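First the structure, in the form of structure tokens, and then the observations on it.
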Number of protein chains: 2
Amino acid sequence: MRTGTEISKKPRGRPRAFVAAEVLDRVRVVFLEKGFAAASVDELAAAAGLNRPSLYAAFGDKEQLYIHTLRFYGKKSVEGLDSVLAGPGTVEQRLARAYKTAIDLYTAPPHRLGCMIVGTAAVESPTHPRIAAVASELLAAIEKSLEQAFAASDLAPEPSPAARARMAGAIMYAIAIRARLGARPAELRAFAASMVPVICR
Amino acid sequence: MRTGTEISKKPRGRPRAFVAAEVLDRVRVVFLEKGFAAASVDELAAAAGLNRPSLYAAFGDKEQLYIHTLRFYGKKSVEGLDSVLAGPGTVEQRLARAYKTAIDLYTAPPHRLGCMIVGTAAVESPTHPRIAAVASELLAAIEKSLEQAFAASDLAPEPSPAARARMAGAIMYAIAIRARLGARPAELRAFAASMVPVICR
DNA sequence: TGCGTTTTGTGCGATACGGTACACAAATAC
DNA sequence: GTATTTGTGTACCGTATCGCACAAAACGCA
């Protein structure tokens with residue numbers, strides 16, 4: 001185990017042949033396309049370039065691997081959103097940029113897979129409460145990011161920043177679903193563009 | 001086969017021991033909770049009260065059974081929405097009633113399973129294009145129902161009924177996702193109530 | 001060098017999975 | 001009564017699945 005206080009320079013035992021973040025990024029691609037239930041440990045291991053026991057030793061069972069991957073994806077998503085919302089311009093321009101960035105990701109060829117949280121975690125929620133909990137936390141973090149951007153803006157105090165964030169988040173989740181179901185990017189872009197002035201009214 | 005011109009009163013062969021709609025309704029419950037991939041044919045057959053060969057004979061393979069079930073669920077959903085939107089009161093009141101009805105369904109105890117289309121079909125879309133196509137058709141039917149209600153109302157001509165329908169639909173899908181992820185019904189009701197005047201502005 | 005620790009690699013096990021073969025059952029037509 | 005058609009029930013099949021056992025590899029430390 002790698003936990004605990006490491007006094008010496010190098011940990012004892014055979015070194016790992018992989019970097020955890022790289023594995024999670026490769027495994028994310030499989031989970032994003034197949035979803036949790038349909039992604040087999042064999043294909044996850046193949047994508048990771050590891051044998052199954054190595055994957056189990058490093059990340060735990062399949063659900064734990066999925067949760068690690070979801071947190072990894074979610075953290076990057078929130079960081080990306082924070083970054084765009086902290087950028088230049090009015091809050092409308094920043095929100096529009098956030099939607100554009102999200103749509104570009106959700107509809108990237110060849111597969112147009114949408115968002116891992118909304119697209120693959122929700123279906124597991126009734127039977128995997130731990131997955132549901134992580135997904136909910138991540139959506140809350142997205143909405144918090146949005147709320148902070150609205151709170152720091154010069155928009156009218158009503159609707160409140162929290163109400164605006166809930167609405168902006170809802171529009172983003174709907175776009176993610178529509179993207180995964182195959183909606184054309186142009187259609188999603190037009191929809192997002194029409195929603196920005198409504199959210200920022 | 002039951003197709004073709006039936007001159008005689010009763011079809012030849014052994015009669016079915018089940019009613020298709022009843023089977024689809026029972027199977028829907030399993031698919032709604034487990035999703036397509038994780039629902040096994042054994043448990044679907046058990047829920048239906050049929051042996052697996054009978055289920056295969058009547059509905060085809062697992063994907064075909066899922067598609068039959070999705071159409072069955074979607075048809076009922078659209079009919080329910082049509083009915084609420086054709087009811088008494090202003091279009092705001094009718095939209096509010098539609099959201100209330102949807103939220104009650106999506107958050108019905110014990111499981112709070114959300115919507116079968118958004119909650120279970122989207123995840124399969126990249127790998128099951130037939131499922132994606134049916135789900136998209138169903139969402140289009142929901143939006144058409146909404147659009148017709150807006151077109152027949154005395155709301156301002158801008159935004160157009162189609163734009164209002166897209167927005168109202170998006171809010172409904174987001175509510176469905178949030179419900180499946182475990183959001184509290186009161187929270188979803190408050191959100192829906194805050195969105196109705198925005199959609200109908 | 002030997003021992004302890006951690007990781008990798010091969011193979012295994014028990015079970016589940018989706019789908020099917022086929023005998024028998026239940027009906028209609030003649 | 002027999003032939004035909006359609007449905008049900010039991011058993012089977014080939015394969016996939018998830019998780020694990022254990023030997024060997026690769027390191028640190030004394």
Side-chain angles (χ1 to χ4, degrees), chain A residues 1-24 26-27 30-31 33-69 124 127-128 130-131, chain B residues 1-24 26-27 30-31 33-69 124 127-128 130-131:
Chain A
M1 289 293 289
R2 293 174 157 260
T3 57
T5 314
E6 307 274 354
I7 305 291
S8 54
K9 261 230 182 111
K10 285 191 172 183
R12 294 179 62 174
R14 183 173 166 172
R16 280 186 168 171
F18 61 89
V19 181
E22 284 174 14
V23 168
L24 290 180
R26 289 202 205 103
V27 154
V30 178
F31 276 133
E33 179 173 20
K34 297 289 182 73
F36 169 71
S40 75
V41 178
D42 263 354
E43 62 192 326
L44 292 165
L50 297 183
N51 289 299
R52 275 181 285 126
S54 301
L55 205 53
Y56 279 106
F59 298 103
D61 69 10
K62 188 180 169 188
E63 187 191 38
Q64 287 164 328
L65 175 62
Y66 179 79
I67 284 171
H68 279 293
T69 311
E124 305 301 335
T127 50
H128 293 82
R130 269 184 296 260
I131 292 176
Chain B
M1 287 297 283
R2 293 173 160 263
T3 57
T5 313
E6 305 276 356
I7 305 293
S8 55
K9 262 227 184 117
K10 286 189 171 184
R12 294 178 65 174
R14 182 172 168 171
R16 281 185 168 171
F18 61 88
V19 181
E22 284 174 14
V23 167
L24 291 179
R26 288 203 206 105
V27 154
V30 178
F31 275 132
E33 178 174 21
K34 298 289 184 72
F36 169 71
S40 73
V41 178
D42 263 353
E43 62 192 325
L44 293 164
L50 297 182
N51 288 300
R52 277 183 285 126
S54 301
L55 205 53
Y56 278 102
F59 299 102
D61 68 11
K62 186 180 170 188
E63 188 191 38
Q64 287 163 331
L65 175 62
Y66 178 80
I67 285 171
H68 279 294
T69 311
E124 306 301 336
T127 50
H128 293 83
R130 272 185 293 261
I131 291 176

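Everything numeric here is computed off the predicted structure, so don't read it as measured data. Sequence lines set the chain letters: A, B, ... in the order given, protein chains first and strands last, and positions in each chain run from 1.
Residue contacts shown for B:Ala58 are absent, as no nucleic acid heavy atom lies under 4.0 Å away.
Of all the heavy atoms in A:Leu44 and A:Val27, the pair that sits closest is O-CG2, 3.8 Å. In plain terms, the two heavy atoms of A:Val23 and A:Ala48 that are nearest each other are CG1-CB, 3.8 Å.
Distances shorter than 4.0 Å separate some side-chain N or O of A:Ser54 from OP1 or OP2 on C:dT8.
As rounded to whole Å, 15 Å separates atom P of C:dC12 from atom CG of A:Asn51. At whole-Å resolution of the value, CG in B:Leu65 and C1' in C:dG19 are 13 Å apart. Protein atom CG of A:Leu55 is 13 Å distant from nucleotide atom C1' of C:dT8, rounded to whole Å.
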* Structure fact -> Going 5' to 3' through nucleotides 14-22 of chain D and flagging B where a protein heavy-atom sits under 4.0 Å of the base, S where only the sugar-phosphate is that close, and - otherwise, we get ---SBBBB-

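Legend: residues meeting side chain to side chain donor-acceptor pair (under 3.5 Å) with B:Glu63, ordered by chain and number and at least two apart, are B:Arg130. With sequence neighbours left out, the side chain to side chain contact (heavy atoms under 4.5 Å, CB included) criterion links A:His68 to A:Leu24, A:Phe59. Shown here are the side chain to side chain contact (heavy atoms under 4.5 Å, CB included) partners of A:Ala47, two or more places apart in sequence or in another chain: A:Val30.
Atoms CD1 and NZ, on B:Ile67 and B:Lys62 in that order, are 12.5 Å from each other to the nearest 0.5 Å. Between the CD atom in A:Glu124 and the OH atom in A:Tyr66 there is a gap of 6.5 Å [rounded to 0.5 Å].
Sorted by first and then second residue, the pairs that involve residues 43-60 of chain A and meet salt bridge (Lys or Arg N to Asp or Glu O under 4.0 Å), not counting sequence neighbours, are A:Lys34-A:Glu43, A:Asp42-A:Arg52.
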Could you go over nucleotides 23-27 of chain C and give all protein N or O partners under 3.5 Å, atom names and distances?
from, atom 1, to, atom 2, distance (Å)
C:dA26, N3, B:Arg14, N, 3.4

